[in-house]
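Everything on this sheet refers to the single structure shown next.
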Amino acid sequence: MSLYRPQLARWLQLLAAKGVEDLVLVNRPWPRDLPLPAAVFSIATLTRLYLGQWKLPDTAVLRGATFPHLRELGICCVFMKHGDVECLVARSPVLEILNILGCMEEMRLRIVSESLRCLQISLSSIEHIQLVKAPLLERLVMYRSSPNAARGLYTKVRIADAPMLRAFGYLEPGQVLEIRDTVIVPGIRTSASTMLTSVKVLSFNVRFGVHSDVMKVPTFLRCFPNAERLHIMSKRCDQPSDNLALNFWEESGPIINVILRINTMSIREFRGDPGEVAFLEYFFRTARVVRTVVVVMANPRFTPFSTD
């Protein structure tokens, strides 16, 4: 692609002149760090833009971008610096959907947007996500977005102002969750300042054989008192440190959304481990309004099942 940069720049100028609205621009073949032509940022008519396998230009170029009509932005396998995403969001006043996929350079996101409704981050390395001001945000979806979960390095998530947030996941107990100005730790007393009452759909990754993981789950659940749908991905644990029994859940005290709100619950990658069974037993004993429960077994070809 580097051999054709003049032709590409000219082509982008022609697209701008024709008022193109939908553009997917992918650099093939590699190298993946080829600088993205600055001409992309002058196409003011775009409503949907997906970029793949590029390196974003200098901040000065991004600050000159103008996307007054852009509603959907996808950034896939792109080299970026801290602040690049914020710069693009700030220059997209009607942006509703932001997708980040396969961006492995560790970075921090600070979201300030009056229009954003959906933020999806997958297979990326995000140190810190801050929802500073996102009054219309409805979905925050994170899938394998931690820098190095295997070494205990998880994404820190701070939700300061997102009053319309309805779907949130996959939250991992290893993550640091901060609601407004309070870091959520096991056993913290919940109050209005530590709860997100708008969330209806909640998703977790849990290693039921790891004591520190399970200890956080009741506290996390209490932070979302109106959750109606709970989705759990049971993560494999090669060397379980502990399997908390049914009495742990009973002694943790009442969890309002489990008792009165949750009508749908699913658990995937179920292996029959004692910790998983204890949670299911607690849930079935406690949940009063549940109508649908889905248990999806792990594939025995790849994951051994408990014989206890």
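- Across all non-hydrogen atoms, the minimal contact from L196 to P225 is O-CD, 4.1 Å.
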Side chain to side chain contact (heavy atoms under 4.5 Å, CB included) between T194 and I184, intermediate numbers included:
CA-CA 8 Å; T194 62; I184 305 305; 4.1 Å; yes

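- Listed for the S145 side chain is no donor-acceptor partner under 3.5 Å among the backbone atoms of I121.
- Salt bridge annotation for R261-E228: absent, with no cationic side-chain nitrogen under 4.0 angstrom from a carboxylate oxygen.
- The two residues R207 and Y154 make their nearest non-hydrogen contact at NH2-OH, 3.7 Å.
- Ring pair W249/F279: centre-to-centre distance below 6.0 Å.
- In the hydrophobic clustering of this structure, I232 does not group with Y143; members are Ile, Leu, Val, Met, Phe, Trp, Tyr whose side-chain heavy atoms approach within less than 4.5 Å, directly or through other members.
- Transitive grouping of hydrophobic side chains (ILVMFWY, heavy atoms separated by less than 4.5 Å) keeps Y170 and L177 in distinct clusters.
- The local environment of NZ in K200 is crowded, with over 12 non-hydrogen atoms from other residues, nucleotides or ligands closer than 6.0 Å.
- In the displayed structure, R268 atom CZ is contacted under 6.0 Å by at most 12 heavy atoms of other residues, nucleotides or ligands.
- Distance alone, capped at 3.5 Å, places no donor-acceptor pair between the S92 side chain and the L70 backbone.
- Taking 4.0 Å as the cut-off between side-chain N and carboxylate O, R48 and E21 do not count as a salt-bridged pair.
- Here the side chain of R91 pairs a donor or acceptor atom with the backbone of R63 at under 3.5 angstrom.
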List the steps, then state whether side chain to side chain contact (heavy atoms under 4.5 Å, CB included) holds for I256 with V258.
CA-CA 5 Å; I256 296 301; V258 173; over 6 Å; no

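- Atom CZ of F220 and atom CD of E172 lie 10.0 Å apart (nearest 0.5 Å).
- Closest heavy-atom contact between P68 and V94: O-CG2, 3.5 Å.
- Within the 4.5 Å cutoff, side-chain heavy atoms of M80 are placed close to those of I75.
- When atom types are taken as modelled, the side chain of K81 and the backbone of M107 share no donor-acceptor pair closer than 3.5 angstrom.
- Shown here for V183 and I188, the closest heavy-atom pair between the two residues is O-CD1, 3.7 Å.
- Under the 4.0 Å criterion applied to side-chain N and carboxylate O atoms, D213 and K235 are not assigned as salt-bridge partners.
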For V217 and V206: C-alpha separation, side-chain torsions, deciding distance, then whether side chain to side chain contact (heavy atoms under 4.5 Å, CB included) applies.
CA-CA 8 Å; V217 173; V206 182; 4.0 Å; yes

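- Between R166 and E138, none of the side-chain N atoms (NZ, or NE/NH1/NH2) sits under 4.0 Å from a carboxylate O, so this pair counts as no salt bridge.
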Report the C-alpha distance between F67 and F41 in whole Å, list the side-chain angles of each, state the deciding distance to 0.1 Å, and finish with yes or no for side chain to side chain contact (heavy atoms under 4.5 Å, CB included).
CA-CA 8 Å; F67 293 125; F41 302 102; 3.8 Å; yes

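- Considering L260, I262, N263 as possible partners of R288, the one that fulfils the side chain to side chain contact (heavy atoms under 4.5 Å, CB included) test is L260.
- Within the 3.5 Å criterion, the main-chain N or O of G169 finds no donor-acceptor partner in the side chain of S203.
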Residue pair E178, K156: steps toward the salt bridge (charged side-chain N to carboxylate O under 4.0 Å, His left out) verdict
CA-CA 8 Å; E178 183 176 347; K156 180 179 179 180; 3.8 Å; yes

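- At a threshold of 4.5 Å between side-chain heavy atoms, the hydrophobic network of Ile, Leu, Val, Met, Phe, Trp and Tyr places L8 and I43 in one connected group.
- If you take CD on E72 and CD1 on I97, they are separated by 4.0 Å, rounding to the nearest 0.5 Å.
- No side-chain heavy atom of L73 sits under 4.5 Å from any side-chain heavy atom of Y50.
- Atoms CG and OG, from L101 and S124 in turn, are 6.0 Å apart once rounded to the nearest 0.5 Å.
- A donor-acceptor distance shorter than 3.5 angstrom exists from the side chain of T155 to the backbone of I126, with no hydrogens or angles considered.
- The shortest non-hydrogen separation linking C77 to C103 is N-SG, 3.9 Å.
- Two residues are said to be in side-chain contact when any heavy atoms from C-beta on lie closer than 4.5 Å; L280 and F270 meet this criterion.
- Atom CE of residue M164 and atom CZ of residue R139 lie 14.0 Å apart, to the nearest 0.5 angstrom.
- The closest side-chain heavy-atom distance from F204 to M233 is not below 4.5 Å.
- Looking at heavy atoms from C-beta onward, L62 lies in side-chain contact with D84 at the 4.5 angstrom threshold.
- The backbone N or O of W54 lies less than 3.5 Å from no partner atom in the side chain of N27, so there is not a single donor-acceptor pair.
- Evaluated for a side chain to side chain contact (heavy atoms under 4.5 Å, CB included) with I129, the options R158, M142, R108 yield exactly one hit, M142.
- Linking ILVMFWY side-chain heavy atoms closer than 4.5 Å, directly or via other members, places L34 and V78 in a single hydrophobic cluster.
- The two residues N257 and L221 make their nearest non-hydrogen contact at ND2-O, 2.9 Å.
- Rounding to the nearest 0.5 angstrom, the gap separating the CG atom in L98 from the CZ atom in R71 is 15.0 Å.
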In sequence, state the C-alpha distance, the side-chain angles, and the governing distance for E276 and S234, and then conclude on side chain to side chain donor-acceptor pair (under 3.5 Å).
CA-CA 8 Å; E276 296 174 327; S234 181; 2.4 Å; yes

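- Residue L119 holds its CG atom at 10.5 Å from CZ of F168, rounded to the nearest 0.5 Å.
- Using modelled atom types, no side-chain atom of T66 and backbone atom of A44 make a donor-acceptor pair closer than 3.5 Å.
- None of E96, E114, R117 except one satisfies the side chain to side chain contact (heavy atoms under 4.5 Å, CB included) rule with L136; the exception is R117.
- A chain of hydrophobic side-chain contacts below 4.5 Å, direct or via other Ile, Leu, Val, Met, Phe, Trp or Tyr residues, connects V20 to L36.
- Proximity of a side-chain donor or acceptor of T286 to a complementary backbone N or O of F283 within less than 3.5 Å is not detected.
- Counting only distance, with no hydrogens or angles, the side chain of W11 and the backbone of A9 share no donor-acceptor pair below 3.5 Å.
- Between R229 and L202, the closest side-chain pair of non-hydrogen atoms is not below 4.5 Å.
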For H69 and T47, what are the C-alpha separation, side-chain angles and deciding distance, and is it a side chain to side chain donor-acceptor pair (under 3.5 Å)?
CA-CA 5 Å; H69 307 292; T47 61; over 6 Å; no

